[in-house]
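Shown next, in structure tokens, is the structure this report addresses.
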2 protein chains.
Amino acid sequence: MDETHSSIKKGRKYAQVIEGARTVFLRDGFEGASVDDIAREAKVSKATLYSYVPDKRVLFLEVAGLEATRQADAFTERMDENQPPHVLLPSAGRKILDFLLSDFGTAVYRIAVAESLRFPEVAQRFYESGPGLVQKRLSQYLATATARGELVIEDIELAAEQFAELCKVRLVPMRIFQMVHDIDEAQKQEIVDSAVAMFLARYGTSR
Amino acid sequence: MDETHSSIKKGRKYAQVIEGARTVFLRDGFEGASVDDIAREAKVSKATLYSYVPDKRVLFLEVAGLEATRQADAFTERMDENQPPHVLLPSAGRKILDFLLSDFGTAVYRIAVAESLRFPEVAQRFYESGPGLVQKRLSQYLATATARGELVIEDIELAAEQFAELCKVRLVPMRIFQMVHDIDEAQKQEIVDSAVAMFLARYGTSR
DNA sequence: GCTCAACTAAACCAATCCGTTTAGATTCTC
DNA sequence: GAGAATCTAAACGGATTGGTTTAGTTGAGC
């Protein structure tokens, strides 16, 4: 593997630094995180940290970039395109919702939103390899299902975005705005089911 | 009007201070805003500012609270409950979308998300008097329309949230994540129309 | 014209933070 | 085990910030 990837990494504790930065940035955001905290968390001296990375801003971009691709990889797990919508959509919806409600998912979203003014490129990259990727894979499935005659959709990309959006109803805002009246498993299922019902009422065939 | 409202306001330049704080907080967020900036923006000395407000945090809470109620008032404009869904929903959807896409709406949302960890009570208040209020008024309408037999809805509140969520599709994330490929009027109409179409496909009666 | 409350500008304090430097310890390679 | 590369702890400089204090100004009411 070619390691000239980024041209700013040299020594052997690079991974430690990134991991520590990840932890602290996700916990405290960009402004809230201090470089001393990060160095402490990474069990590394500040001097070595600064031997890897020219400044805090670049460190953040590095971490955010890695997170984006990690997020992308997580969603690259294939879904079985042969299954009919009323079978596939519930499980896909659950996967989306579970991610958005996870500690990690909310932290990432929070930072992307908070830092989108300071770092527009970070926000965009997150969008493209987060929601964007989901929408892309979903569109792909919807296209084949439509070709099979199981769905009738004029604007496939729009339909995919609508479905993803429907999965966020109620629970995602509640989570983000810290109104965590115990996150119920049954509630999650209810939301996803209602998203599927709505989607099929609009784009389903027979039924 | 009783002016013992909050017990921390005294002098005559209180409004100036709040207005300056509003400007700077909305522009720079909580951490990004410096008290000196706010004082300068308000054309007030830092000493007077601190004679009104004990610290920066409380100032932020004060501003955020006022913004929340302002937001609430804006949506309290009555909508004509006698109109049928296919007439009322598009205009309601447009109102929601226009707010979310406005400079003010995005700034408020950004701050609420970014500061929801530091100030859970702010985030909650925003939710309740922002999305929460919209959902409440929408629910009210959906209930009467259902009573008139124009809609068939089991869970009214859920339906209201679904509609609001559908209005956010595509454009709201694009706006928040700074991918502002010119915000087209036609696009907005397209999103709202598709939201209405989906909603009526699920909950509409004969048509 | 005096008083008193609100205001101002500016200096100031203590804390924090980013980033650098120094002086030395550890580890890797040969 | 010598020497080079990498690391460490700690201190430091310079800048910013939240909040206080001081010394002085403005202006309305009497």
Side-chain angles (χ1 to χ4, degrees), chain A residues 3-64 111 114-115 117-119 122, chain B residues 3-65 111 114-115 117-119 121-122:
Chain A
E3 274 304 339
T4 359
H5 176 39
S6 181
S7 79
I8 54 166
K9 56 190 74 166
K10 279 175 247 167
R12 43 199 154 152
K13 302 208 168 179
Y14 182 75
Q16 274 182 50
V17 171
I18 294 296
E19 183 57 30
R22 186 181 101 98
T23 302
V24 178
F25 277 136
L26 284 184
R27 187 184 58 213
D28 299 336
F30 179 76
E31 290 284 6
S34 87
V35 176
D36 291 85
D37 278 358
I38 293 174
R40 200 176 309 117
E41 177 72 33
K43 294 191 203 311
V44 146
S45 80
K46 223 168 29 151
T48 45
L49 187 154
Y50 274 105
S51 79
Y52 291 146
V53 146
D55 61 26
K56 185 189 180 185
R57 194 176 154 283
V58 169
L59 180 57
F60 178 71
L61 291 175
E62 206 74 6
V63 169
I111 291 195
E115 245 57 69
L117 285 177
R118 202 187 317 266
F119 303 114
V122 169
Chain B
E3 273 304 337
T4 0
H5 176 37
S6 179
S7 81
I8 53 168
K9 55 190 75 167
K10 278 175 246 166
R12 40 197 158 152
K13 303 207 168 182
Y14 182 74
Q16 273 183 51
V17 171
I18 293 296
E19 184 56 31
R22 185 181 102 97
T23 303
V24 179
F25 276 136
L26 283 184
R27 187 185 58 215
D28 300 336
F30 179 76
E31 290 283 5
S34 87
V35 177
D36 290 87
D37 277 359
I38 293 174
R40 200 176 309 119
E41 177 73 32
K43 294 188 201 314
V44 145
S45 79
K46 219 160 46 143
T48 42
L49 187 155
Y50 274 106
S51 81
Y52 291 145
V53 147
D55 61 28
K56 186 188 179 188
R57 193 176 154 283
V58 169
L59 179 58
F60 179 71
L61 291 175
E62 206 74 5
V63 170
I111 291 196
E115 245 58 67
L117 285 177
R118 200 188 319 265
F119 303 116
E121 68 279 28
V122 169

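For clarity, every value in this text was computed on a predicted model and none was experimentally measured. For the numbers below, each heavy atom of this structure counts, side chains included, while hydrogens, waters and symmetry mates do not.
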Which residues satisfy the side chain to side chain donor-acceptor pair (under 3.5 Å) test with A:R57, sequence neighbours excluded? none

Expressed in angstrom and rounded to an integer, what is the separation of B:Y14 atom OH from C:dA6 atom C1'? 17 Å

Grab the two heavy atoms, one from A:D28 and one from A:A33, that are nearest each other, plus how far apart they are. CB-N, 3.7 Å

Sub-4.0 Å heavy-atom contacts from residues 16-23 of chain B onto DNA chain C, ordered by number: none

Any B:L61 side-chain heavy atom under 4.5 Å of B:E121 side chain: yes

Would you call the rings of B:F25 and B:F30 parallel, tilted or perpendicular if under 30° counts as parallel and over 60° as perpendicular? parallel

Whole angstrom is fine here: how far is it from NZ in A:K43 over to C1' in D:dA9? 15 Å

Value in whole Å for how far the P atom of C:dT8 lies from OH of B:Y52: 8 Å

Side-chain donor or acceptor of B:Y52 paired with backbone N/O of B:K13 under 3.5 Å: yes

Spacing of A:D28 atom CG relative to C:dT16 atom P, expressed in whole Å: 15 Å

Contact list (N/O, under 3.5 angstrom) for nucleotides 28-30 of chain D vs protein:
none

Could you pull out all residues at least two apart from A:K46 that satisfy side chain to side chain contact (heavy atoms under 4.5 Å, CB included)? A:V35, A:D36, A:A39, A:Y50

What is the distance, to the nearest angstrom, from the CG atom on A:L49 to the P atom on D:dC7? 11 Å

Each nucleotide in nucleotides 17-22 of chain D should get exactly one letter: B, S or -. Can you fill that in based on protein heavy atoms under 4.0 Å? -BBBB-

With sequence neighbours excluded, what pairs up with A:E115 under the side chain to side chain donor-acceptor pair (under 3.5 Å) test? A:R118

Checking B:T23 now: which residues fulfil side chain to side chain donor-acceptor pair (under 3.5 Å) with it, not counting sequence neighbours? none

Would you kindly give the CZ-to-C1' distance between A:F25 and C:dC17, to the nearest whole Å? 13 Å

Quick one: side chain to side chain contact (heavy atoms under 4.5 Å, CB included) partners of B:L26, sequence neighbours excluded? B:R22, B:F104, B:A107, B:V108, B:I111

Is any side-chain nitrogen or oxygen of A:T48 closer than 4.0 Å to OP1 or OP2 of D:dT6? no

Apply side chain to side chain contact (heavy atoms under 4.5 Å, CB included) to B:A114 and list each qualifying residue two or more places apart in sequence or on a separate chain. A:A114

How would you list, by chain and number, every residue that makes a side chain to side chain donor-acceptor pair (under 3.5 Å) with A:S34, sequence neighbours excluded? none

